[in-house]
Amino acid sequence: MVVTFRELAGSPRETFSTNGTVAERTLVCAWSDRLALVNEILGGTTKSVYPAASGVFAVSVMTEPLADEQIAGAFSSLNAGVNSNADFAKLIVHYESAPTAKSSGETTAYLTYRREVRREAAAFPGGSVYLPQHPATAFPTEASGAVSFPIVVHRLTWGTTVNPPWEAIRACRGAVNASAFLGVPTGRLIFDGAEAKRTFDNLNGLANSNFGWSLEYIFREDSLYGVTDPVSYPSADFNALLQFDE
């Protein structure tokens, strides 16, 4: 290390879970050295690792004055500079686990499921929808207007994977389930797509990362029990979304 620093009492803080290790260390250095220390932590060619656990890397650093002793600054514009500090900077370093590769080159998959309910409105001509009663009760043919109905959103989070199934994601987007999936009968679940997130462990190496991808799959469950002229959706095997790409 080029920059002299100390670690504050009460540091570190650690969280251990099935998704890996998350830790924070609180460091102190001279205010004028804070950016150099950040660059050593995040910008060097050698990865900054958490000393107490293997495979845990620094991914972000927050800096702030150690004490409220700034030298008041009078600047001509917001681009002219920031307040100086007479003494020390406090750096909170955030660490996260990189996925541990298996012999196949893939990671252990952990899935998190969340179910949400919201309401949407759609305009339908009279007689095109009916209430889910026994026997079913149709709306009058002459009736028309906006119908408010519940929408069930299913969110399936997969974290983490090194090789996301991109082709399956493209093939399934906009399709309905070819078989029962997440407890929803065939043809009643629409796949909206996937939100993907990846963490990089080095400011100078964005082309490479020790971290895998975190995926969130978003599905909508059809809540209308009957439509005389339904939209024709293609069907797809959603189980392909949970397979590793080779």
Exercise for the section: Kindly give the heavy-atom pair with the smallest separation between Ser11 and Thr26, and that separation in Å. Expected result: OG-N, 2.9 Å
Practice task
Check step by step if side chain to side chain contact (heavy atoms under 4.5 Å, CB included) holds for Leu156 and Leu241.
Solution key: CA-CA 10 Å; Leu156 194 61; Leu241 295 171; over 6 Å; no
Handout entry: Residue pairs, two or more places apart or on separate chains, that pass salt bridge (Lys or Arg N to Asp or Glu O under 4.0 Å) and touch residues 169-180
Key = Glu167-Arg170
Handout entry: Minimum side-chain heavy-atom gap Pro165-Gln243 below 4.5 Å
Key = no
Practice task
I would like to know whether Leu66 and Asp87 meet side chain to side chain contact (heavy atoms under 4.5 Å, CB included); could you show each step before the answer?
Solution key: CA-CA 8 Å; Leu66 178 62; Asp87 294 312; over 6 Å; no
Fill in the blank from the handout: Contacts of Glu216 meeting salt bridge (charged side-chain N to carboxylate O under 4.0 Å, His left out) (sequence neighbours excluded), chain-then-number -> Arg114, Arg155
Exercise for the section: Without swapping roles, check the side chain of Ser97 against the backbone of Thr21 for a donor-acceptor pair under 3.5 Å. Expected result: yes
Problem - CG on Leu242 to CG on Asp237, rounded to 0.5 Å - result: 9.5 Å
Handout entry: Phe16: hydrophobic cluster co-members (side-chain, 4.5 Å)
Key = none
Handout entry: Main-chain N/O of Leu189 paired to Asn177 side chain as donor or acceptor, under 3.5 Å
Key = yes
Fill in the blank from the handout: Here the gap from Ile218 atom CD1 to His154 atom NE2, rounded to the nearest 0.5 Å, amounts to 12.5 Å
Practice task
State whether the side chain of Glu40 and the backbone N or O of Val3 hold a donor-acceptor pair below 3.5 Å, judged by distance alone.
Solution key: yes
Problem - Pro51: partners by side chain to side chain contact (heavy atoms under 4.5 Å, CB included), with sequence neighbours left out - result: Arg25
Problem - Test item: Arg34 and Cys29 side chains (from C-beta on) under 4.5 Å apart, heavy atoms - result: yes
Practice task
Decide yes or no on side chain to side chain contact (heavy atoms under 4.5 Å, CB included) for Val22 and His94, but give the supporting numbers first.
Solution key: CA-CA 7 Å; Val22 175; His94 181 76; 3.2 Å; yes
Problem - Trp166 with Phe191, same ILVMFWY side-chain cluster at under 4.5 Å - result: yes
Completion exercise
Closest non-hydrogen contact found for Gly174 with Pro234 is O-CD, 3.9 Å
Handout entry: Shortest non-hydrogen contact between Tyr50 and Ala23, atoms and distance
Key = CZ-CB, 3.7 Å
Practice task
Evaluate the side-chain proximity of Tyr95 to Pro12: yes if any heavy-atom separation is below 4.5 Å, no if none is.
Solution key: no
Practice task
Could you tell me which residues satisfy ring-ring contact (aromatic ring centres under 6.0 Å, His included) with Phe181, sequence neighbours excluded, listed by chain and number?
Solution key: Phe219, Phe238
Handout entry: Working for side chain to side chain contact (heavy atoms under 4.5 Å, CB included), residues Phe88 and Arg6
Key = CA-CA 11 Å; Phe88 300 100; Arg6 295 289 183 270; over 6 Å; no
Handout entry: Ser48 side chain near Leu42 side chain, heavy-atom distance below 4.5 Å
Key = no
Exercise for the section: Quick one: pull up OG1 in Thr15 and CD in Glu24 and give me the separation to the nearest 0.5 Å. Expected result: 8.5 Å
Practice task
Could you check if a side-chain atom of Arg220 sits within less than 4.5 angstrom of a side-chain atom of Arg118, using non-hydrogen atoms only?
Solution key: yes
Exercise for the section: Supply the members, apart from Ile92, of the Ile/Leu/Val/Met/Phe/Trp/Tyr cluster built from side-chain contacts under 4.5 Å; use none for a lone residue. Expected result: Met62
Problem - Minimum-distance pair of heavy atoms, taken over all atoms of Ala240 and Ala168 - result: O-CB, 3.6 Å
Handout entry: Contact check, side chains of Asp33 and Thr4, non-hydrogen atoms, under 4.5 Å
Key = no
Handout entry: Distance in Å, Thr112 OG1 paired with Trp158 CH2, rounded so as to fall on 0.5 Å steps
Key = 13.0 Å
